[in-house]
Chemist: 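Next up is a structure, given as structure tokens.
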Amino acid sequence: MVAVACGGGNDNGTPSQSNPTPRSSTSATQAPASGPRAAIEPREGPPGTRVTVSGSGWKPNETIDLLGGVARGETPPTYGTVTADASGAFSFSFRLETGAGGTTLQPGRFDLIVKSTASEIDVPFLVETRRPVGGNGPGG
């Protein structure tokens, strides 16, 4: 497996699956019955959260890009590229820190785009307010 990431390293952990939001005509609350699937774990956290995106049902040995969702006209950040294994599965971990142009992620829904030449799936992540770093004593 070949992987490249911005702000984190590759990890081959196996997270639990969640329902993706496909970009096709399939309902946003229903995963496609067959074909490529993708999920993110955890599904929420502040900027800087280490996430794992995993998938199955992709073409064997297919190159898959992990991009950030952006407004029209913006260049999506590339979080990494991974190659599906012989069964069409992949797993890729990285630290989700920035959006388009290196901007800090804002609280709210942020869609990751899992994309190959033949398929594209949105995988939602809920960006939470950055948590303060506290000390071991009272008050932080």
Chemist: Mind checking the CD1-CG spacing from Ile121 to Asp111? Nearest 0.5 Å is all I need.
Modeler: 12.5 Å
Chemist: Nearest 0.5 Å please: distance from the CD atom of Gln106 over to the OG1 atom of Thr129.
Modeler: 9.5 Å
Chemist: For a side-chain contact (heavy atoms from CB on, under 4.5 Å) check, start with the C-alpha distance between Leu67 and Tyr79, then their side-chain angles and the critical distance, and finish with the verdict.
Modeler: CA-CA 6 Å; Leu67 309 168; Tyr79 296 111; 5.7 Å; no
Chemist: As a quick check of understanding, evaluate side-chain contact (heavy atoms from CB on, under 4.5 Å) for Phe94 and Val53, giving each step before the final call.
Modeler: CA-CA 9 Å; Phe94 63 99; Val53 178; 4.0 Å; yes
Chemist: What do the steps show when you test Phe110 against Leu96 for side-chain contact (heavy atoms from CB on, under 4.5 Å), and what is the final call?
Modeler: CA-CA 10 Å; Phe110 181 78; Leu96 184 56; 4.2 Å; yes
Chemist: Which distance, rounded to the nearest 0.5 Å, do you find between the OG of Ser54 and the CZ of Phe92?
Modeler: 12.5 Å
Chemist: From Asn61 CG over to Thr83 OG1, what is the distance, rounded to the nearest 0.5 angstrom?
Modeler: 7.5 Å
Chemist: For Val51 and Phe125, work out which heavy atoms get closest and say how close.
Modeler: CG1-CE1, 3.7 Å
Chemist: Under a 3.5 Å distance rule, please check whether Trp58 uses its side chain to pair with a backbone N or O of Arg37 as donor and acceptor.
Modeler: yes
Chemist: Heavy atoms only: give me the nearest Ile64-Ser116 pair and the separation to one decimal.
Modeler: CG1-CB, 4.5 Å
Chemist: Measuring from Glu62:CD to Thr117:OG1, what's the distance to the nearest 0.5 Å?
Modeler: 5.5 Å
Chemist: Can you see which heavy atom on Ser91 is nearest to which on Val82, and at what distance?
Modeler: O-CG2, 4.3 Å
Chemist: State, without any angle test, whether Ser93 and Thr52 hold a side-chain donor-acceptor pair at a distance under 3.5 Å.
Modeler: yes
Chemist: Measure across Pro36 and Ser119 and return the closest heavy-atom pair with its distance rounded to 0.1 Å.
Modeler: CG-OG, 3.3 Å
Chemist: Output, in order, the C-alpha distance, side-chain angles, deciding distance and verdict of side-chain contact (heavy atoms from CB on, under 4.5 Å) for Ile113 and Glu120.
Modeler: CA-CA 7 Å; Ile113 302 167; Glu120 187 172 311; 3.5 Å; yes
Chemist: Tell me the closest heavy-atom pair linking Ala86 and Pro60, and the distance in Å.
Modeler: O-CB, 3.3 Å
Chemist: Rounded to the nearest 0.5 Å, what's the gap from CZ on Arg95 to CZ on Arg50? Could you check?
Modeler: 5.5 Å
Chemist: Pick out which of Thr49, Leu112, Val114 makes a side chain to side chain contact (heavy atoms under 4.5 Å, CB included) with Ile40.
Modeler: Leu112
Chemist: Could you tell me which non-hydrogen atom of Ala118 sits nearest to which non-hydrogen atom of Lys59, and how far apart they are?
Modeler: CB-NZ, 3.9 Å
